[in-house]
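Since the structure comes first, as structure tokens, the remarks are kept for the end.
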Amino acid sequence: MSKISAGILGTGYYVPERVLTNFDLEKMVQTNDAWIVERTGIHERRIAAPDEPVSALAQRAAEMALADAGVAAEDLDLIIMATLTSDRIIPSTACVLQDRLGAKHAAAFDLSAACSGFVYAASIAAQFIESGVYRHVLVIGGETLSKVIDWTDRNTCILFGDGAGAAVFGAVEDGYGMRAFDLGSDGSGADALDIPSSGSLCPVTPETIEQRLNFVHMDGKAVFRFATKVMGKTVETSLHRAGMEREELDYLVPHQANIRIIQAAAKRLAMPMEKVIINIHHYGNMSAASIPVALAEAAHAHRFKKGDNIALAGFGAGLTWASCIMKWAKEENG
């Protein structure tokens, strides 16, 4: 029996309607548009409505991906939701989506790897497909970070936005699809990016709320140092595992955290910026949603053609990193 090749059959994305610009933020905290753009590359971000949970964003992205793939929800075998802003601690948001999508035959679980989550989840999906255990796996990266951001902290509130991206994985033509993965973690940096009061270590209490410990806290300099070191390196590792040279890469789809981090990765990989998919200026850092939204936007804009070699790369809280190399299997207008 020949080995099954796993790849992406279809993609989708959704971002909330509300746009929050840097000029809007100038009225909320002590900052300004020029400062934000120079240091991050972000001009605006999308913000979910108060009654719009991450499951609502994920559902819209998932429906678009299923339609693009030509796969019915009833034909899904597994749903993996990468998020750090799940609707609730329990049940998993993936289970909520399983019901809303009508995926009555699908197993479902959430995955926590922060901004690296989509690639982590993609690696699991690929293995289920390649092993022949499952035929169709839906992977979603979605976040409503605006609900866990301290809007009085100018160091973090300028960075993040909300959105969801999705991809349907299945068997593809031999020689196409997922070629290699690199996943990693460094838990010694766990405190560099966290929500201190959000679990069993430090349960939410009136006191922790008063201290604003129920919001994202970040050591920006530590995360920046880590990211600039690991982003290009993880792609090089995936390329090596795929038996490829960096010159063979057609596109890089990076996590959209900071334009300077993206530029550093592109420089290390000797990739011209026109081959790097960038949407940070419109959406900011959407954590687990950044990579799949950028991937889906580019795919639906027909940036990719069948046979293109594409790298996905991310880093995030944990600290984690992840990358993969794929040969695009979808026809340009398919």
Side-chain angles (χ1 to χ4, degrees), residues 5-13 61 65 68-69 82 115-127 129-130 137 139-141 165-183 231-256 261-263 265-280 286 288-315 321-334:
S5 297
I8 291 176
L9 306 180
T11 59
Y13 66 99
D68 187 43
C115 310
S116 306
F118 180 81
V119 181
Y120 264 69
S123 73
I124 297 170
Q127 291 180 73
I129 301 298
E130 290 168 2
V137 180
V139 175
I140 309 159
V168 177
F169 286 77
V172 297
E173 186 180 340
D174 187 39
Y176 291 82
M178 312 312 293
R179 299 284 302 276
F181 287 91
D182 176 52
L183 311 179
M231 186 91 114
K233 183 179 180 181
T234 183
V235 175
E236 290 176 338
T237 301
S238 283
L239 282 168
H240 177 73
R241 290 176 179 169
M244 295 170 60
E245 301 295 331
R246 62 188 184 185
E247 292 79 14
E248 297 178 70
L249 272 183
D250 294 297
Y251 288 99
L252 170 66
V253 184
H255 170 46
Q256 312 283 315
I261 295 171
I262 295 172
Q263 289 167 340
K267 183 178 180 181
R268 177 165 181 162
L269 296 168
M271 290 198 75
M273 291 304 291
E274 58 264 25
K275 292 292 187 179
V276 182
I277 305 300
I278 298 172
N279 63 9
I280 188 173
M286 295 185 290
S290 280
I291 290 173
V293 169
L295 179 71
E297 274 198 333
H300 285 267
H302 306 298
R303 292 284 299 274
F304 309 139
K305 65 181 184 298
K306 186 175 180 179
D308 278 348
N309 292 315
I310 302 169
L312 311 183
F315 63 90
W321 66 87
S323 66
C324 68
I325 307 295
M326 73 175 87
K327 183 177 283 290
W328 194 246
K330 196 169 168 58
E331 296 288 354
E332 185 176 358
N333 297 313

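The residues of the chain are indexed from 1 along the displayed sequence.
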_Can you tell me how far apart CD1 (Ile310) and CG (Leu252) are? Round to the nearest 0.5 Å._
10.5 Å
*With distance as the sole test, does Tyr251 use its side chain to make a donor-acceptor pair with the main-chain N or O of Ala298 at under 3.5 Å?*
no
*Is a side-chain N or O of Glu297 found less than 3.5 angstrom from the main chain of Ala294, in a donor-acceptor match?*
no
*Please round to the nearest 0.5 Å and tell me the distance separating atom CE of Met271 and atom CD of Glu247.*
10.5 Å
*Identify the heavy atoms of Ala265 and Met231 that sit nearest to each other, and give their distance.*
CB-CG, 3.5 Å
*asked:* Quick check against the 3.5 Å criterion: does Asp182 have a side-chain atom that pairs as donor or acceptor with the backbone of Thr237?
replied: no
_Are Phe315 and Thr234 packed together at the side-chain level, in the sense that at least one heavy-atom pair is separated by less than 4.5 angstrom?_
no
*Of the options Leu312, Ile291, Leu269, Val276, which is the one that meets Pro254 in a side chain to side chain contact (heavy atoms under 4.5 Å, CB included)?*
Val276
*Which heavy atom in Met273 sits nearest to a heavy atom in Ala266, and how many Å separate them?*
SD-CB, 3.6 Å
*Heavy atoms, side chains only, cut-off 4.5 Å: are Trp321 and Lys233 in contact?*
no
_Check: Asn279 main-chain N/O paired with Gln256 side-chain donor or acceptor under 3.5 Å_ = yes
*What distance separates Leu295 CG from Ile8 CD1, expressed to the nearest 0.5 Å?*
5.0 Å
*Keeping the roles fixed (side chain from Arg179, backbone from Lys327), state whether a donor-acceptor pair exists under 3.5 Å.*
no
*Smallest separation among heavy atoms of Gly177 and Ala329, with atom names*: N-CB, 4.3 Å
_Can you tell me if Glu245 has over 12 outside heavy atoms packed within less than 6.0 Å of its CD?_
no
*Think Lys330 forms a cation-pi with Phe304, using NZ or CZ under 6.0 Å from the six-ring centre and within 45 degrees of its axis?*
no
_Check: Arg246 side chain, Arg268 main-chain N or O, donor-acceptor pair, under 3.5 Å_ = yes
*Measuring from Phe169:CZ to Glu130:CD, what's the distance to the nearest 0.5 Å?*
10.5 Å
*Nearest 0.5 Å, what's the CD-CD1 distance between Gln263 and Ile261?*
10.5 Å
_Can a side-chain donor-acceptor contact be found between Ser116 and His255 if the only test is distance below 3.5 angstrom?_
no
*Can you see which heavy atom on Phe118 is nearest to which on Gly141, and at what distance?*
CD1-N, 4.1 Å
*Distance-minimising heavy-atom pair for Ser238 and Ala180*: O-CB, 3.4 Å
*Minimum-distance pair of heavy atoms, taken over all atoms of Met286 and Ser290*: N-OG, 3.0 Å
_Side chain proximity check, Leu249 to Lys275, heavy atoms < 4.5 angstrom_ = no
_Using modelled atom types and a 3.5 Å cut-off, is there a donor and acceptor pairing between side-chain atoms of Asp250 and backbone atoms of Asn309?_
yes
